[in-house]
Amino acid sequence: MTQAVQAYSYAGPSVLADGRLGLSTSGGTALSGPQTHPRFFSGLLTHAAPAAAGLLAVADVALTRYHQPRPGWTRDPVVTCDGGRLRFESFSACGGVYARLDVLGLDGDVLDRGTTNVDVNGPLRESLARVGGRDPLHLGVGPDELTVTTLDGAVVEKKVPLPTRWLRGFAEVQVIAAGFDLRAELKGPQAVRFLRSLPRKAATAVWAVPSGRDLRLASGPGHGPGNGDAVSLAGVGRVATLMPLLRFAKALRVYGPAAGTQHQASAWELELPGMRYTLAVSPEPWRGFSGEGAVLSHLATDEAAGDADVVGMLLNFEPTVEIGLLADRSGLTVERVRAALTQLGTAGRVGYDLHDASHFHRELPYDREQVAQLNPRLTAARALADSGAVRLDGDQAQVTTSGGVRQVGIEQGTCTCAWWFDHRGSRGPCKHVLAARIAARLIVDVPA
């Protein structure tokens, strides 16, 4: 598997001492410009225990490989400050689980807005696990007086291999989540009862079916009342990080696409005091979000890269990204703005918040030039289109490959290749459909 290596340099390790949590930062982009050790926030977390447990849950996902577990993953969470909240994010090593903790209503000084990585080390994890009671916790994101006086200039450096599927997952999950709807909402006691009723065998696959004000477990989507809103959960062990948070849970919201006959991705959101914890899981434990292909149709448009430059300049770490407003400001259509946001998402610059039903701006340190490398299906499709392998005939096309001629339905996205017969569009268009769509746009765009 292709990997990139991300190097982190922290001014010192993150520490929790005397009611003060100092999170050390490494690199990042802020409104004030690129920063080596950005400082975003200094203030109080009114609800210390759920905040500590939530941060620990995000860090646990970053350290875990749910499919074929093995040790050695040391990825640090990402934090974005938008002025009104802190968003801590991580992805599992296998690329099939995404976690985010949104800390709302910041009480303190917002020193800048932007995105950075934060050090979550072994001793800090042990300290976070011991936080309890109702006392507030002082939080500093970035070096402050505590860091200067405690760390004596110690430097922490980490070099972390990042598989391409991990990088691609950040792009795929925001596109997939944007197609989800709220399927069920449970109050605290019902949420606790349901989650604790999940089978103990981590690999078990179940469906959660709304039943009045509760959820019931089923082996499939089935038929009958509530089954149209059924949400699949393949590999119940992948929601394990929700369990330590149940003692703080005020509500559980479950999101998913329209119920189908196959397992699909889903998202599970716990409402906590002053914050929310969201967990998104891929359709199967062995399927990372990176292979879903949800971004490919948008990335295949000729305008996407240029539009992304225009839209990217309009992003300023707002709490929510309003597509209509971006369309007005950029002069682009709503559909082109959506494609541009997908392009930006592939570079780690856009996420999606299910609760707010909107995108949000972040900046991950990945080069836009990596987009083609991270999407080999799109690269292969462009090569087919450029080589003249596509013959158009109205809404149909023939794509000649080394394996034979493929018959493509351009609008329907159908193809006679093995990929389409295996997945039938559930994992994005095949390279032949993409090639035909690219060629069709090129023909249409040729001046008379």
Side-chain angles (χ1 to χ4, degrees), residues 4 6 27-31 33-34 78-83 85 87 89-91 95 98 100 102 113-117 162 164-180 278 280 289-290 292-354 356-375 377-379 382 428 434:
Q6 189 69 32
T29 301
L31 286 183
V78 172
V79 61
T80 298
C81 178
D82 63 22
R85 76 184 77 184
R87 300 182 190 267
E89 298 178 272
S90 69
F91 234 100
Y98 164 81
R100 190 179 73 248
D102 293 345
R113 290 185 287 168
T115 306
T116 185
N117 286 92
L162 303 180
T164 56
R165 68 184 302 174
W166 192 94
L167 302 178
R168 288 162 59 190
F170 265 111
E172 296 282 351
V173 74
Q174 58 94 12
V175 176
I176 293 170
F180 284 179
T278 304
F289 281 106
S290 61
E292 296 307 288
V295 304
L296 294 176
S297 293
H298 279 165
L299 295 181
T301 66
D302 299 325
E303 309 94 347
D307 291 350
D309 288 336
V310 174
V311 172
M313 290 188 293
L314 299 175
L315 301 178
N316 289 298
F317 296 103
E318 303 92 339
T320 60
V321 173
E322 298 183 19
I323 292 180
L325 185 59
L326 284 178
D328 291 340
R329 290 179 177 176
S330 64
L332 303 173
T333 64
V334 168
E335 185 58 31
R336 285 178 64 174
V337 169
R338 291 187 190 278
L341 289 174
T342 300
Q343 182 90 19
L344 293 168
T346 306
R349 300 186 61 192
V350 173
Y352 190 81
D353 188 313
L354 282 159
D356 294 340
S358 67
H359 293 82
F360 61 87
H361 179 202
R362 66 158 119 72
E363 291 283 346
L364 299 185
Y366 310 130
D367 191 340
R368 191 185 72 184
E369 299 303 319
Q370 289 181 303
V371 171
Q373 300 174 25
L374 299 181
N375 292 282
R377 223 185 305 169
L378 180 58
T379 302
R382 284 179 172 151
L434 286 171

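In this structure, Ile323 CD1 and Leu332 CG are separated by 12.0 Å, a value rounded to the nearest 0.5 Å. Here OG1 of Thr115 is found 7.5 Å from CZ of Arg362. Values are rounded to the nearest 0.5 Å.
Residues satisfying the salt bridge (Lys or Arg N to Asp or Glu O under 4.0 Å) criterion with Glu318, sequence neighbours excluded, are absent altogether. Looking at residues two or more places apart in sequence or on another chain, you find a side chain to side chain donor-acceptor pair (under 3.5 Å) between Tyr98 and Glu89, Arg100. Every residue two or more places apart in sequence or in another chain that forms a salt bridge (Lys or Arg N to Asp or Glu O under 4.0 Å) with Arg349 is listed here: Glu363. For Ala327, the side chain to side chain contact (heavy atoms under 4.5 Å, CB included) partners are Val334, Val337, not counting sequence neighbours. Partners of Leu314 according to the side chain to side chain contact (heavy atoms under 4.5 Å, CB included) rule, which considers only residues two or more places apart in sequence or in another chain, are Leu326, Arg329, Ser330. For Phe317, the ring pair (Phe, Tyr, Trp, His ring centres under 6.0 Å) test picks out His361, with sequence neighbours left out. Remark: Asp356 engages Arg85, Arg276 in a salt bridge (Lys or Arg N to Asp or Glu O under 4.0 Å) (not counting sequence neighbours).
When all heavy atoms are compared, the tightest approach of Val321 to Ser358 is O-CB, 4.1 Å. In plain terms, the two heavy atoms of Val350 and Gln174 that are nearest each other are O-CG, 3.8 Å.
A side-chain donor-acceptor contact under 3.5 Å links Arg87 to the backbone of Pro319. Formation of a donor-acceptor pair under 3.5 Å by the Thr116 side chain with backbone atoms of Gly27 is found in this model.
Each ring pair (Phe, Tyr, Trp, His ring centres under 6.0 Å) pair with one or both residues in residues 322-342, not counting sequence neighbours, would appear here, but there are none.
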Quiz item: Under the side-chain contact (heavy atoms from CB on, under 4.5 Å) criterion, do Asp82 and Phe360 qualify, and how do the steps go?
Solution: CA-CA 9 Å; Asp82 63 22; Phe360 61 87; 6.0 Å; no
Practice problem: Output, in order, the C-alpha distance, side-chain angles, deciding distance and verdict of side-chain contact (heavy atoms from CB on, under 4.5 Å) for Thr320 and Asp353. | Solution: CA-CA 8 Å; Thr320 60; Asp353 188 313; over 6 Å; no
